[in-house]
Each structure stands twice: as structure tokens, then as C-alpha cells.
Amino acid sequence: MRNERIGDYLVNQGLIDQDQLMQVLATQKESGGSKKFGDIVVELGFMSEQNFTKALAGKMMVQYVDLDSYEINAEAVNKVPEALAKKHTVIAIAINGKRLTVATNDPVNFLVFEEIKVATGMDCKPVLATTSAINKAIGKNYSMQNVDSVLDSVNAMNGGDNGSMEDQESNDRVENAPIVKLATTIIENSYRADATDIHIEPFKTYTRIRIRVNGDLVELMNMSSAVQSALATRLKLISGMNIAEKRVPQDGRFTQVVDGTTLDVRVSSLPMVNGEKIVIRILSTGQIALRKITDLGMSDYNYQLFESMLRVPHGVILVTGPTGSGKTTTLYAALGELAKPNVNVITVEDPVEKAIDGINQCQVNVKAGMTFAAALRSILRQDPDIVMIGEMRDSETADIGIRAAITGHLVLSTLHTNDAASTVVRLVDMGVAPYMVATSLIGVIAQRLIKVLCPACKQPVICSEEDAELIGIDHPIQIYKSVGCAECNNTGYRGRTAIHEIIHCTAKVSQIIAAGGGKEEIEEAARNNGTKLLRDNAAELVVAGQTSIDELVRTTFSV
């Protein structure tokens, strides 16, 4: 049994079937043996990387370790040089006497452990972990140690002179290694902390760097203001901006590889009193798997409503909400469901955030005259079945989108409104005739992201009468409040989930829209139809102990 091949083992364990095994072996043969069996199984979507690694650990009788939740010993990490860890995709995670526990993705490669033994003078005990988790742990544990040394070398480069940086804009100064390393390190550490944005803010005596995690800004580090100008120039240089121009706002972008994932990095500069403020948005590209509709955090009830909307052959489906509420993720999940080999799907986006296989994606370029409206007109001559418009920004785009739906296309788009009912009013305000909205609209999904309580430290409390009223019940019940611990960086929350409000355009709702009805009328008809409002969804999460009353108020409170 020890010599049983991994493919046969997976089939015998019921983890994959014989047809899937043959498909994996055929793909491996096509690649000329350059790809590992496990990589192909994961690539084809037959198993997740974690499940495959667990199965491999079971077959090899090696312990499996989930590095994301394992507390890695800093002393153990320091025993193995960073270059060696990266070369062999290994990381030391614990010390037990003279034995070093090493996480690896290849526990039978004894040459690696011999090399580590020579470097450390310690015996190795291999444990199995996923490749992506090891890469992430290497990045996180080694780079945190590097930040201080990078800052020291940057300050040494400055010689502590605040004014000197302003005058010396020459490329050789900017390309100096410490500044390059500092810019790279800031983006790497922010990505590993699951940040979506980085703010580099200049003040008179210091520069503050903050990152947005779970919707809140958290301080990453403070630096000497002398570094600000060189750092801003470095970021402007790699993102294709004009480094000589400091008086006007600019936008740019670049890509950076962090822990094996290619990041699409957007950079925006804005002149301030003490220098340029730089805001960086981090987008992970198509290498991160697309979410499925079932992974969007919808309640079963809302999921069924959404599914039924996607079955309608033509019309408009709108996803609305503020910036950063996950609208694009929802649209991509819907596209993933709709994109079949027998349909032509075309998107027009600004920018294209994720590359999806089998979908024609078109990027807006305003400078070249390629606006949403211009792109849409051309797209409609490309024989599409399904059109996705990144955002209905103006009346022209909205008008073309609605007309496309009436002529037999399925149109998906986003709009910035506060709730589902006000979306209809907004479309009419943009100049689309009410009868056209009524005949073309399939439904509207409004969504928000709400923070999830940290399971390790949330505390049960009995809610007050006021809180019970907010939840929509008439008696106090047990709910949970946020506390804060080491696992959640003392925020009290870990991760976010989405709440949704879905309005189906039934005959009654369409009548109200065509007659020019207001937001309140549409909302009332939708509620009678069975629509659950954002607050109802948030209240369900509070009662279930997944979020706090503070989050309910923050995301859904209205006067």
C-alpha cells in the first residue's frame, strides 16, 4: 500500500473518480511531465489545494499543518536563511530541543533537509503544508524582520537632511536600492495583511502609512518626512506618471508579484501642503479563483431570488452599493454562472479587474476616445448574448444599456445608490424614460459588506430594548459584542461577509415604475413581494451571533 500511486489512492478514498483521474493523467502527459499531479488536480478544479495536501499527508503518513492558523515560532524562522527557504519552498515553524519542525510541500525530498541540517546544525522533522500557505508564511515572517533594516538604510541614505530630497529628483537617486526595497516592502506587507488600499500621507515632521483592512484604516508605520519625496517619486516612476510634475493630481498603475500572486496596483497622487499624498489600491488579478454565486454570503432565500433572475433571457440586472461593497465580485460570479460555450459574453470595464477565461473583456480608455458609451455601441454590433457594463456612469451609457436589454440582450451592470428601490428613481433621473425602465428591468441587488465577529474573542451580552427595536424584535435576546484579541489584531472582527437586498421587478413593481412612482412605493410593493431589506439581513446575522449591533447600525442605519 505504501507504493500505491497518489491517483489510485485518491480514487480509492472517493476523493476523485476514475474519469477525473484519466483526465489528470492525460493533461500531465500533454505537459510532458513538467507539471506535478497535485497541481493539475487543483488546476482542473477536482480538489482544492488544501484538500489535496491533506490527502497527500494521509497517504505519506506525514502530519498536515494549516499555516494560516498555526503560531509560527520567530526563533525557528531565523534558523533557516531566507534564500534557502525561498529556494526550496520551506519554512521552519517550531523548535523542540535540537529538532527543527519544517513545513514543506515535498516531505520526501531528503536532499533539502540535508541542506537545512548543514545550514542550521539541527535535525529536521518535516510536516506537510500547501505551497501557497508556505509562500505566504515566508513572505510574512521574513519581510516583517526586514522592515526595520530597510527603514534604517533609507534614513542612512538621507543623512537625516529633510530638505535635500526635494532638490535631488535624479533617477539614480530614486533607483537607489533602499527606496526601491521600501516601496516593495510596503506593498508586500499590506497585501499579506489583506489590505485593499494603502495611504501614504505627508505631514510636517513625519509621514504616516495606513492600510485599509476590513473597511477600516489601520496604521502600518510612521517614517521620517525626509523619505516622503523619494518614496512618492519611486511609486510615480514605476506607475508611469510624470515625476517632474508635482502640482497636479495624477493616476498610474503597475504590477507586482507577491508570494506567487500577480497584483494589479493602482496609484493616485494628490498634491498636499507638505508633499504629495499617494493612495495605492491593490487588486489581485485573475490568478485568484473566481467566486461562485454560492460563495457570496447570500442567505438561501436571497440566493434563490438571484438564481431566478439569472434565468431570465433578456433584460437588465443591476448591482448597487457604495464603492468597495463587492459589486464587481457579485457581477463576476454571475458571469461565471452565465458564461457557457454556446453564448457570446462581452464586458466593458474600467478597469478590467479579473481576467476570466472564455469571456471577451474590453477596457475603457477615455484618452483614446474609448468611453463606456462608445465601447457599448460597438459591442452591440459584435453579436453579443450577454453584455456586462462595469458602471452606468452617465445618461448615455444608461440609455444604451436599457435599449440593448429591450432588443433582446441580457445586460448586467453596477450603479452607485444606497438601496435597491432608489436605483429605479436614479435611472429615471438619468434621463431614461420610466416605461423603458419598467419593461427592461429584471431586478436590482443592493449590497453592503459587513464585518464578521472574531470567533475567538466575541462576548455574549443581553441586548437592550433599544437594540431589540433595531433588530426588529419585541423582547431582549442574547447577542454578541466585539472585544479584540491577538488573532484579530485587537479589532474584534475577522473578515467580512455581504448582506443583500433583492427587488424582483414583478408586474406590480413594473406598474409603479411606469407610472413614475417614488422610492417608498416601490419599496412597499417589493416588501409585499417578499423582499428582505438590508437591515433585515443584517439583523439575521446579529441574531445568529455572526456580527454585532454596531455593525448593523454602521451599515444600514438611516434617519
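- Results of the side-chain contact (heavy atoms from CB on, under 4.5 Å) test with Leu21 over Ile6, Val11, Leu10 single out Val11 as the only residue that passes.
- Between Ile450 and Thr497, the closest side-chain pair of non-hydrogen atoms falls below 4.5 Å.
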>> If you apply the rule side chain to side chain contact (heavy atoms under 4.5 Å, CB included), what do you find for Leu231 with Ile186, and how did you get there?
In response: CA-CA 10 Å; Leu231 181 59; Ile186 288 169; 3.9 Å; yes
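- Atom CG of Asn418 sits in a sparse spot, with 12 or fewer heavy atoms from other residues, nucleotides or ligands closer than 6.0 Å.
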Side-chain donor-acceptor pairs of residues 527-534 under 3.5 Å, sequence neighbours excluded:
unit_1: Arg527; atom_1: NH2; unit_2: Asp536; atom_2: OD2; d: 3.3
unit_1: Asn528; atom_1: ND2; unit_2: Glu524; atom_2: O; d: 3.3
unit_1: Asn529; atom_1: ND2; unit_2: Thr506; atom_2: OG1; d: 2.8
unit_1: Thr531; atom_1: OG1; unit_2: Ile502; atom_2: O; d: 2.9
unit_1: Thr531; atom_1: OG1; unit_2: Ala526; atom_2: O; d: 3.3
unit_1: Lys532; atom_1: NZ; unit_2: Glu540; atom_2: OE2; d: 3.1

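- A 4.5 Å side-chain heavy-atom check between Asn214 and Thr491 finds every atom pair outside the cut-off.
- The backbone N or O of Ala137 lies less than 3.5 Å from no partner atom in the side chain of Arg192, so there is not a single donor-acceptor pair.
- To the nearest 0.5 angstrom, Ile406 atom CD1 is 11.0 Å from His314 atom NE2.
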> Given Asn537 and Ser299, is the side chain to side chain contact (heavy atoms under 4.5 Å, CB included) satisfied, shown in steps?
Replying inline: CA-CA 8 Å; Asn537 280 278; Ser299 62; 4.0 Å; yes
Which donor-acceptor pairs under 3.5 Å do side chains of residues 430-440 form with protein atoms, sequence neighbours excluded?
unit_1: Thr439; atom_1: OG1; unit_2: Tyr435; atom_2: O; d: 3.0
unit_1: Thr439; atom_1: OG1; unit_2: Met436; atom_2: O; d: 3.1
unit_1: Ser440; atom_1: OG; unit_2: Met436; atom_2: O; d: 2.8

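- Checking side-chain atoms of Arg426 against main-chain N and O of His416 turns up a donor-acceptor pair under 3.5 Å.
- For the residue pair Cys454 and Arg494, the shortest heavy atom distance occurs at SG-CD, 3.7 Å.
- Under the 4.5 Å side-chain criterion, counting only non-hydrogen atoms from C-beta, Glu501 is not in contact with Arg535.
- Tested against Thr414 for a side-chain contact (heavy atoms from CB on, under 4.5 Å), the candidates Ile389, Leu331, Ile445 yield a single pass: Leu331.
- When all heavy atoms of Ala404 and Leu380 are compared, the pair lying nearest together is CB-CD2, 3.6 Å.
- Residues Glu396 and Arg377 are paired through a salt bridge, judged by an N-O separation under 4.0 Å between the basic side chain and the carboxylate.
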> Are Thr53 and Thr130 close enough, and set up right, to give a side chain to side chain donor-acceptor pair (under 3.5 Å), and what steps lead you there?
Replying inline: CA-CA 6 Å; Thr53 310; Thr130 62; 5.4 Å; no
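- Listed by chain and number, the residues in a salt bridge (Lys or Arg N to Asp or Glu O under 4.0 Å) with Glu43 are Lys35 (sequence neighbours excluded).
- Salt bridge status for Arg266 with Asp251: absent, with no side-chain N to carboxylate O gap under 4.0 Å.
- What you find for Thr556 and Ala538 is that their closest heavy atoms are CG2-CB, 4.2 Å.
- Here the CG-CG distance, from Leu220 to Asn189, works out to 6.5 Å after rounding to the nearest 0.5 Å.
- In this structure, the side chain of Gln447 engages the main chain of Gly326 through a donor-acceptor pair within 3.5 Å.
- Annotation: salt bridge (Lys or Arg N to Asp or Glu O under 4.0 Å) contacts of Asp197 (sequence neighbours excluded): Arg281.
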> Under the side chain to side chain donor-acceptor pair (under 3.5 Å) criterion, do Thr397 and Asp394 qualify, and how do the steps go?
Replying inline: CA-CA 6 Å; Thr397 310; Asp394 50 49; 2.6 Å; yes
Please list, one pair per line, the donor and acceptor atoms closer than 3.5 Å that link side chains of residues 365-375 to other protein atoms, with sequence neighbours excluded.
unit_1: Asn365; atom_1: OD1; unit_2: Lys367; atom_2: N; d: 3.4
unit_1: Asn365; atom_1: OD1; unit_2: Ala368; atom_2: N; d: 3.3
unit_1: Thr371; atom_1: OG1; unit_2: Ala374; atom_2: N; d: 3.2

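- Residue Phe306 comes nearest to Ala334 through the heavy atom pair CZ-CB, 4.0 Å, listed as atom of the first residue, atom of the second, then distance.
- Residues Leu318 and Leu427 form a side-chain contact, since some pair of their non-hydrogen atoms from C-beta on lies under 4.5 Å apart.
- Residues that satisfy the salt bridge (Lys or Arg N to Asp or Glu O under 4.0 Å) test with Asp216, not counting sequence neighbours, are Lys451.
- Side-chain atoms of Ser239 never come within 3.5 Å of backbone atoms of Met241 as a donor-acceptor pair (strictly under, hydrogens ignored).
- Among all heavy-atom pairs drawn from Ile379 and Thr347, the shortest one is CD1-O, 4.3 Å.
- The closest side-chain heavy-atom distance from Glu307 to Glu337 is below 4.5 Å.
- Of all the heavy atoms in Val316 and Ala405, the pair that sits closest is CG2-CB, 3.3 Å.
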>> Using side chain to side chain contact (heavy atoms under 4.5 Å, CB included), reason through Leu338 and Leu412 one step at a time and then give a plain yes or no.
In response: CA-CA 11 Å; Leu338 293 166; Leu412 289 86; 4.1 Å; yes
>> For a side chain to side chain contact (heavy atoms under 4.5 Å, CB included) check, start with the C-alpha distance between His504 and Val509, then their side-chain angles and the critical distance, and finish with the verdict.
In response: CA-CA 8 Å; His504 259 203; Val509 175; over 6 Å; no
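- Side-chain N or O atoms of Glu276 include none that pairs as donor or acceptor with a backbone N or O of Ser269 at under 3.5 Å.
- Between Leu453 atom CG and Gln546 atom CD the span is 9.0 Å, to the nearest 0.5 Å.
- With hydrogens and angles ignored, the 3.5 Å screen pairs no side-chain donor or acceptor of Lys519 with any backbone N or O of Val424.
- No donor-acceptor distance shorter than 3.5 angstrom exists from the side chain of Gln13 to the backbone of Ala55, with no hydrogens or angles considered.
- The main-chain N or O of Asp419 is found under 3.5 Å from a side-chain atom of Thr423 such that the two form a donor-acceptor pair.
- Glu551 places none of its side-chain heavy atoms less than 4.5 Å from the side chain of Leu541.
- Without hydrogens or angle criteria, Lys508 side chain to Ala525 main chain gives no donor-acceptor distance under 3.5 Å.
- For the pair Leu44 and Gln20, the minimum side-chain heavy-atom distance is 4.5 Å or more.
- In this structure, the separation between OG1 on Thr131 and NZ on Lys36 is 6.5 Å, given to the nearest 0.5 Å.
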> Yes or no on side chain to side chain donor-acceptor pair (under 3.5 Å) for Asn344 and Asn360, after CA distance, side-chain angles and deciding distance?
Replying inline: CA-CA 8 Å; Asn344 177 20; Asn360 306 290; 3.0 Å; yes
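- Interatomic distance, CD1 of Ile40 versus OG1 of Thr27, reported as 6.0 Å (0.5 Å rounding).
- Of the inter-residue distances, the one linking Ser190 atom OG with Ile282 atom CD1 reads 5.0 Å to the nearest 0.5 angstrom.
- Between Val257 and Thr255, every side-chain heavy-atom pair lies at or beyond the 4.5 Å cut-off.
- The only option from Glu201, His199, Glu219 that meets the side chain to side chain donor-acceptor pair (under 3.5 Å) definition with Arg210 turns out to be Glu201.
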